[in-house]
Novice: 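Got a structure for you, written out below as structure tokens; questions coming shortly.
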Amino acid sequence: MYYKVMVLEIKADYCLAMADDGQVLRIKKKGEMKEGDCIYVLNEDLYSGKPEEQPEKMQAIKISKKTLNSIIAVAAALMLCLSALIIPRITDKVYAVVSVDSGVSLQVQLDEKYKIRKAVSYEGSVSEEQLKEIKGLQIDEAAEELGVNQPQTGNTILIGYALEKENDQQQERKLKTHLQELFSTDEALYLKGSKNDIKQAERDKQTLGLYIAQKALTEDQIEEVVDDMSREDVLEMVKKQPALMKNDAVRKALEKDEKAAKKTKKSNQRKVEADDDDDYDTDDDDDAVESKSKAAAPTSKTDKSKKPTAAPQKNNDDDGNDNDTDADDEAESDDEEEND
């Protein structure tokens, strides 16, 4: 059995040392041992001042004040070392993952301040040297490696992004806005992913953006990953992304969607034509009713005009004759009175 120990104090005949498990051992003094040396010792290297003492079992040891101070100093040093290893892991925890597929294919892990913790290029379009150079930079400072300043080619820049912390829509919008300001182009398509998408993309050794796009197209989830564009516009941009169009599953999904769109269009067109026919028939019925009304109107008007014109003429003549007869009778009566 062997022990890994640190020399704490050197005595005249032996040394005090601390093992990894915290035991304080007495070991034989050898060579030019110094306090603070880390060495390996065997059972036979353990010091035993009395024959009855067993090397494996340590009896209580009186520790001097100097030795105790040394132990405290060593413990403090160990704590500092552990802190140096643990604290960066806590503060530099991965906050988000962003991928870019355009002329280059690059994926970066970001901390909460958008500083690059790790970068990877699955297709090898970015050299290992460049990947090391951008580590520790702000994402804006790695614009050249991300292809921000490349001339526009008409091809879609596919940008995937996702937070390690789920269900934080405010921070998702903040990250997306930052990326939109960084790339500042209409040729970019931004796809929102999840923590699970990050894991699956890493497992498949592909960028986050490509994984999200393939999943959204094949599972018909476009509206879930793109919330500020119509479905038709998204599909048009996908067709302009060379890396996506190399994928058989993506091409089949696009073909299926096109067939469904054509079928829907024909169905809508037939419905419109049927509605137009119904409107045409209604107009014909209205015209027929209106024609019948016009044909019947003159007949009733003529009958009404004839009746009042005949009656008044007859009454006027009778009244005139009666008046003349009455006048003649009165005149004859007057003449007879005068003769008498």
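No hydrogens, no waters, no symmetry mates; every other heavy atom, side chains included, goes into these values.
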Novice: If you define the side chain from C-beta out and look only at heavy atoms, does anything of Thr207 sit under 4.5 Å from Glu123?
Specialist: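 They are not in contact (no side-chain heavy atoms under 4.5 Å apart), so the answer is no.
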Novice: Search all heavy atoms of Leu191 against all heavy atoms of Gly209 and return the closest pair with its distance.
Specialist: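 Minimum heavy-atom separation between Leu191 and Gly209: CD1-O, 3.6 Å.
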Novice: Thr264 side chain to Ala260 main-chain N or O, any donor-acceptor pair under 3.5 Å?
Specialist: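 Present.
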Novice: Do Leu25 and Met18 have side chains that get closer than 4.5 Å, going by heavy atoms?
Specialist: no
Novice: Ignoring hydrogens and angles, tell me if any N or O in the side chain of Ser127 forms a donor-acceptor pair with the backbone of Gln130 under 3.5 Å.
Specialist: yes
Novice: When rounded to the nearest 0.5 angstrom, what is the spacing between OH in Tyr190 and CD1 in Ile159?
Specialist: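 One finds 4.0 Å between OH of Tyr190 and CD1 of Ile159.
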Novice: Quick one: does Leu235's side chain get under 4.5 Å of Ile222's, heavy atoms only?
Specialist: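 Touching, per the 4.5 Å side-chain cut-off.
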Novice: Using a 3.5 Å distance criterion without hydrogens, assess whether the side chain of Thr218 forms a donor-acceptor pair with backbone atoms of Gln214.
Specialist: yes
Novice: State whether the number of non-hydrogen atoms from other residues, nucleotides or ligands found under 6.0 Å of Lys115 atom NZ is greater than 12.
Specialist: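 Open.
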Novice: Do you know the tightest heavy-atom contact between Thr156 and Met237?
Specialist: OG1-O, 2.6 Å
Novice: Can we say Glu236 and Lys239 salt-bridge, meaning some charged N sits less than 4.0 Å from an Asp/Glu carboxylate O?
Specialist: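 Yes.
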Novice: Calculate, to the nearest 0.5 Å, the distance between atoms OH and CD belonging to Tyr211 and Glu202 respectively.
Specialist: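 That separation rounds to 11.5 Å.
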Novice: What's the spacing between Glu164 CD and Gln109 CD if we round to 0.5 Å?
Specialist: 7.5 Å
Novice: Identify the heavy atoms of Leu163 and Asp168 that sit nearest to each other, and give their distance.
Specialist: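 Here Leu163 and Asp168 meet closest at CD1-O, 3.8 Å.
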Novice: I'd like to know if the side chain of Arg26 reaches the main chain of Leu16, judged simply by a donor and an acceptor atom lying under 3.5 Å from each other, with no hydrogens or angles considered.
Specialist: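 The answer is no, because no donor-acceptor pair under 3.5 Å joins these two groups.
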Novice: Using a 3.5 Å distance criterion without hydrogens, assess whether the side chain of Lys132 forms a donor-acceptor pair with backbone atoms of Ala119.
Specialist: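 Absent.
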Novice: Taking all non-hydrogen atoms of both residues into account, name the closest pair between Leu46 and Tyr3 and its distance.
Specialist: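 Between these two residues, the closest heavy atoms are CD1-CE1, 4.1 Å.
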Novice: Checking Asn247 side chain against Leu244 main chain: does a donor-acceptor pair fall under 3.5 Å?
Specialist: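 Not confirmed, Asn247 side chain does not pair with Leu244 backbone.
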Novice: Can a donor-acceptor pair be found, under 3.5 Å and without considering hydrogens, that links the side chain of Glu145 to the backbone of Val104?
Specialist: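 Here the side-chain-to-backbone pair does not exist.
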Novice: May I ask you to check whether over 12 heavy atoms, not counting those of Glu129, lie within 6.0 Å of atom CD?
Specialist: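 No, because the 6.0 Å sphere around CD of Glu129 holds 12 heavy atoms or fewer from other groups.
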Novice: Measure the CD1-NZ distance between Ile212 and Lys192 for me, rounded to the nearest 0.5 Å.
Specialist: 10.0 Å
Novice: Less than 4.5 Å apart, side chain to side chain, heavy atoms only: is that true for Gln241 and Val250?
Specialist: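 No; the side chains remain at least 4.5 Å from each other.
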Novice: Salt-bridge test for Asp257 and Arg231: reply yes if a basic N is under 4.0 Å from a carboxylate O, no otherwise.
Specialist: yes
Novice: Any side-chain heavy-atom pair from Asn155 and Ile157 closer than 4.5 angstrom?
Specialist: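 Sidechains of Ile157 and Asn155: no contact.
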Novice: May I have the step-by-step check of salt bridge (charged side-chain N to carboxylate O under 4.0 Å, His left out) for Asp13 and Lys29, ending in yes or no?
Specialist: CA-CA 6 Å; Asp13 300 325; Lys29 185 177 178 181; over 6 Å; no
Novice: Closest heavy-atom contact between Tyr161 and Val98?
Specialist: CB-CG2, 4.3 Å
Novice: State, yes or no, whether a side-chain contact exists between Leu175 and Tyr114 at a heavy-atom distance under 4.5 Å.
Specialist: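 Of all side-chain heavy-atom pairs linking Tyr114 with Leu175, at least one is under 4.5 Å.
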Novice: Are the side chain of Ser121 and the backbone of Leu106 linked by a donor-acceptor contact shorter than 3.5 Å?
Specialist: no
Novice: Taking atom CD of Glu133 and atom CD of Glu141, what is their separation to the nearest 0.5 Å?
Specialist: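 Answer for the CD-CD pair, Glu133 versus Glu141, is 13.0 Å.
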Novice: Taking Gln23's backbone N and O only, do any of them form a donor-acceptor pair with Asp21's side chain (distance below 3.5 Å, no angle check)?
Specialist: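 Yes.
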Novice: Could you tell me which non-hydrogen atom of Ser99 sits nearest to which non-hydrogen atom of Gln107, and how far apart they are?
Specialist: CB-OE1, 3.7 Å
Novice: Could you tell me whether the side chain of Val97 reaches within less than 4.5 Å of the side chain of Leu110, counting heavy atoms only?
Specialist: no
Novice: Would one find more than 12 heavy atoms of other residues, nucleotides or ligands at under 6.0 Å from atom CG of Asn268?
Specialist: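 Counting other residues, nucleotides and ligands, CG of Asn268 exceeds 12 neighbours.
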Novice: Is the shortest side-chain heavy-atom distance between Leu158 and Val100 below 4.5 Å?
Specialist: no
Novice: To the nearest 0.5 Å, how far apart are OG in Ser102 and CZ in Phe183?
Specialist: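 Atom-to-atom, Ser102:OG and Phe183:CZ are 7.0 Å apart.
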Novice: Would you please test Asp227 and Lys176 for salt bridge (charged side-chain N to carboxylate O under 4.0 Å, His left out) and show each step?
Specialist: CA-CA 11 Å; Asp227 56 4; Lys176 181 180 179 181; 3.2 Å; yes
Novice: Verify the neighbour count for atom CD of Glu144: are there more than 12 heavy atoms of other residues, nucleotides or ligands below 6.0 Å?
Specialist: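 No - once you tally the heavy atoms of other residues, nucleotides and ligands closer than 6.0 Å, there are 12 at most.
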